[in-house]
Each structure stands twice: as structure tokens, then as C-alpha cells.
There are 2 protein chains.
Amino acid sequence: MRMAELSAEAGVPVPTIKYYLREGLLPQGVRTSATQAHYGDSHIRRLRVIRALVDAGVSVAGARKVLATLDEPPDEVADLLGAAHAAVAPQGEDEIPLDDARRLAERLGFRPGGCETERIADVARALDALDRAGFVIPPDVMTAYLEGVKTIATAEIAGVPVDTPEEAVRYVVLGTALAEPLLLALRRMAEQIAAAERFPSGT
Amino acid sequence: MRMAELSAEAGVPVPTIKYYLREGLLPQGVRTSATQAHYGDSHIRRLRVIRALVDAGVSVAGARKVLATLDEPPDEVADLLGAAHAAVAPQGEDEIPLDDARRLAERLGFRPGGCETERIADVARALDALDRAGFVIPPDVMTAYLEGVKTIATAEIAGVPVDTPEEAVRYVVLGTALAEPLLLALRRMAEQIAAAERFPSGT
DNA sequence: TAATTTAGATAGTGGAACTATCTAATGATC
DNA sequence: GATCATTAGATAGTTCCACTATCTAAATTA
């Protein structure tokens, strides 16, 4: 298939496809001459994934990392997850206290070596931001956060398909990035439902 | 306090403060003459909240909505939550099928009137994005998502302080926006911990 | 009086994600 | 085989966003 058809199939403008090619998000097609190349179904699928990532709020640079991990996955699941997380998590350089975050990690069942420091730092940064805004999360709510994410994460990891490595990689890498908007949307929906129960329409 | 001091106290550059004033995120100070105004502690606190929102990934336009809700909150909790959600949720115009999202809402305990359609549409959009990427969430994992967000949302709503309306408003509005990065970071951490248990360092 | 500070207006910057144009070479069609 | 459309690759331009800088006239402070 040629560029025009790829564009039509995937619903992505030609200049944008060229941009993704330049940025290394989409592999080159098979060259048939100096000014022609042709593309296959894998390109269509890849384009759909790119759009999904970008729509999910992942930057083009982040999407490149995610896709690079998909293409050349590390062998160990922990490393795979680490790469997926590194591509998606916001990064900051500044030093922040990790103690509170570490305590939360322990409450989640953390054991030394069971989780990279960078993820603890993520949590620490989020806590720090809350703190700087003067916002305090009630202890009971924090406990529920831990319980909720534990439920979620345990099921996600239990759901990693072990039949073929490709499936596992796809599941872990894309699941990390693409499920985020869904989880946030589900939380908002659940909040409204819970609010309707507690405050039945009258304050 | 004058502009320079406000800037120093809040750690925000003067031009940025002026920008926030222009954009209506920060209320004007009390004018003492044609070229002077002075600011109070409320301005410092407000600036910290603005920075926290922006750091949390909320756009300046979104932050303006969040702050407007803080300043003039609706009376009903449901409306308050709705306004906070509307300010934070990604918005899309296109028509998408709501059926799957509605089914999830029902599994969360939805009852007609218990949740605005816009939140269901959010979920629907997230599901659609997953779908377009060809990514399928295993049923067990989706069940865990529902259970997890239900745990989280129930505790959050139960934690709404009812002593003073101001507290309730602050809790609902800021909690909606500021807890998002924390939840995502906690999920990533929990995933790594769960992965370390299931795949103990050797695929 | 002189130096500093400020409000308000206007304009400029840098990054991100596209989008457009151009050229030379191909491929498809008449 | 002439003509017209298409393409790769290069380069440049656009739009939006969140700032950041400059300027002026007035006011404050030293």
C-alpha cells in the first residue's frame, strides 16, 4: 500500500505520517525506488497505536520510548515495566524527601528490590505537589488509595499473558500508558455515583 | 505586601504573577494608587494552588475554571463535583457509543440521575481510544478497575468534610485535580511491587 | 531630588505537534 | 512515449500554550 492509502486507512494526514516517520515513531516502508515505498498492515496498526498514545496524553517523545520498548523489549518483566513507566511518568530532577513515599511503598507490600527508586520518587513528587498546595489527604482516604491501587495493580500483573512474549510485552507496555485515562475517567464516574448516594440531591 | 515580596514568598517570577493576574487566575491586589497595589497571604496561598494545579497537568484555562469553582461554588455537592470534573476532564465533541460505558456505570452502582452523562462520555471516550489502539482489557482486570475506583471514590466522598462549606469545596475541587498524579504514581508503584512478587527476578 | 518600584499594555520567546511547500524522481495513464 | 499524478526527503512555516521581556508613566522610597 502506498502513502495515500495508508493515510486513508489510518485516518492520519500524509504530512503527519511523514512527521511520525521523521520522528522515528513509525518504521520506514519498504523502498521500491528512490521516490517510492510501500507500507503494510503493521503500519496501519502502528499508526493507530501512536494516535491512541498521543490522545492519551503521551508526548511524541514519550510515545517514541514506548514504541521502542515494544520493538525491543527487555527480557525481564520488571525491566519491561520499568521502561514502560519511565516513558510515561513525568520526570523531575530536583531533590525531594522520599520518606513519606517509602512508607506508602511499604504499606503496599514493598520489599527492598521490589520496586525502582524512580517510582518512589514519582510518588514523592506527587505528595510534594499536594503539600505545596496545602492540600492534605485524610488518612482514611490515603488508605483507600493504597487499597484501590493494590487491587488494580495486582489484577493487572496477574493478567499479564504468559503464552507468548509478544503478547506480554504489548499488554504491559500499552496497558501502562493507555489505561491511565480510563482509570481517571472511571474514578470521576465512581465519585459522582458515590456522591449521589451520600448527598441524595439536597446539599 | 507588594509585588516583589509576593513573588519572593510564593517563588513565582513577577512576570508570571502578572500573567496570572491578566488571565484571571489570581485576584487583583488592593489598589493604593494608580501604580501600586498590595497583596495578602491569600495571594500567596492562591499562587501555590495555581502552581500545584499547573504542575498536576491542568492547563491554565482549566485552572481558571477550577479556581472559579472554588470562588463561587454551587450549593449542591453533585454540582460542585460536576464543575470540578468538567474543569479537569478532557473534552471531546464527537459522537461515540455510550453503551459499554453505561454498563460499567451500572456495575459501579449507577442509578438514573446518579451521574452526569458527561462522565459516562469520558469513560466512553477512554474505552474508544483503547479500542482504536486494538487494546483489550481482560474482563478480570476491568472488574478490578471497577472495584479499585469504587474503593477510592467511596472513601473520597465519605471524606468530604461537612463542618464548613469552604472546607468541603476546597476538598472536593482540589482533591479532584490534585490527586490524579498521585493515583497514577501509586498505581505504577503498586504495579512494580506486584510484578516483583509474581516475577521474582527471572522473566 | 534621585533611584527604585509598580501597573498596565504590548510584544516576544521557546517548545511541542503538526502542516505546508518544494524538488527531483517515479509510476500510471492515455 | 508523452503527460499527469504521486512520492521521498528536505526545509520551512503555523498554531497554541505558558510564559517572559520591554516600555511608559506614575508613585514610592532613600
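Note on naming: letters A, B, ... go to the chains in the order of the sequence lines (proteins, then strands), and numbering restarts at 1 for each one. The model shown is predicted, which means the values in this text are computed figures rather than measured ones.
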B:Thr16 side-chain N/O to D:dC19 phosphate OP1/OP2 under 4.0 Å: no

So, does the side chain of B:Arg22 form a donor-acceptor pair with the base of D:dT20 at under 3.5 Å? yes

Residue pair B:Ala177 / B:Val88: nearest heavy atoms and the distance that separates them: CB-CG2, 3.6 Å

If I take atom CE in residue B:Met3 and atom P in nucleotide D:dT28, what distance separates them, rounded to the nearest angstrom? 16 Å

Which nucleotide sits closest to the side chain of B:Val54: D:dT7, D:dA18, D:dC19? D:dC19

Can you measure A:His43 atom NE2 to D:dA8 atom C1' for me and round it to whole angstrom units? 14 Å

Just so I know, are the side chains of A:Arg187 and B:Glu180 near enough to count as touching, which here means a heavy-atom distance under 4.5 Å? yes

Over how many whole Å does the gap from A:Tyr19 atom OH to D:dA8 atom P extend? 18 Å

Charged N to carboxylate O below 4.0 Å: is that the case for A:Arg119 and A:Asp122? yes

Can you check nucleotides 27-30 of chain C for protein contacts, nitrogen or oxygen pairs under 3.5 Å, and list what you find?
none

Can you tell me the distance, in whole Å, between the CD atom of A:Glu23 and the C1' atom of C:dA17? 9 Å

Evaluate the side-chain proximity of B:Arg45 to B:Ser42: yes if any heavy-atom separation is below 4.5 Å, no if none is. yes

Note: for B:Val60 and B:Thr35 on DNA chain D, the residue whose nearest nucleotide lies more 5' is B:Val60

Is it true that B:Glu118 and B:Arg125 have a side-chain N and a carboxylate O under 4.0 angstrom from each other? yes

Got a salt bridge between B:Arg132 and B:Asp128, using NZ or NE/NH1/NH2 to carboxylate O under 4.0 Å? yes

Side-chain donor-acceptor pair present, B:Tyr145, A:Glu156, cut-off under 3.5 Å: yes

Quick one: list whatever passes salt bridge (charged side-chain N to carboxylate O under 4.0 Å, His left out) with A:Glu197, sequence neighbours left out. none

Hey, what bend do you get for the helix from C:dT1-D:dA30 to C:dC30-D:dG1 if you fit axes on five pairs at each end, rounded to 10°? 10°

Out of C:dA7, D:dA8, C:dC18, which nucleotide sits closest to the side chain of B:Arg31? C:dA7

Quick one: does B:Ile44's side chain get under 4.5 Å of B:Met1's, heavy atoms only? yes

It should be established whether B:Tyr20 places a side-chain nitrogen or oxygen under 4.0 Å from OP1 or OP2 of nucleotide D:dC19. yes

Measure CE/B:Met1 against C1'/C:dT6 and give the value in whole Å, please. 15 Å

Over all strands shown, is B:Val14 touching base, sugar-phosphate only, or nothing at heavy-atom distances under 4.0 angstrom? nothing

Restricting to non-hydrogen atoms, name the atom on A:Ile157 and the atom on B:Arg198 that form the minimum distance, rounded to 0.1 Å. O-NH1, 2.7 Å

Base, sugar-phosphate alone, or nothing: which one does B:Gln28 contact when heavy atoms must sit under 4.0 Å apart? sugar-phosphate

Between atom CG in B:Leu21 and atom C1' in C:dA7, what is the gap in whole Å? 10 Å

Whole angstrom value for the distance that separates P of C:dA9 from NZ of B:Lys18: 11 Å

Taking CD1 from B:Ile17 and C1' from D:dA18, how many angstroms apart are they, rounded to a whole number? 15 Å

Residue whose nearest DNA chain C nucleotide is more 5′ - A:Ala34 or A:Pro13: A:Pro13

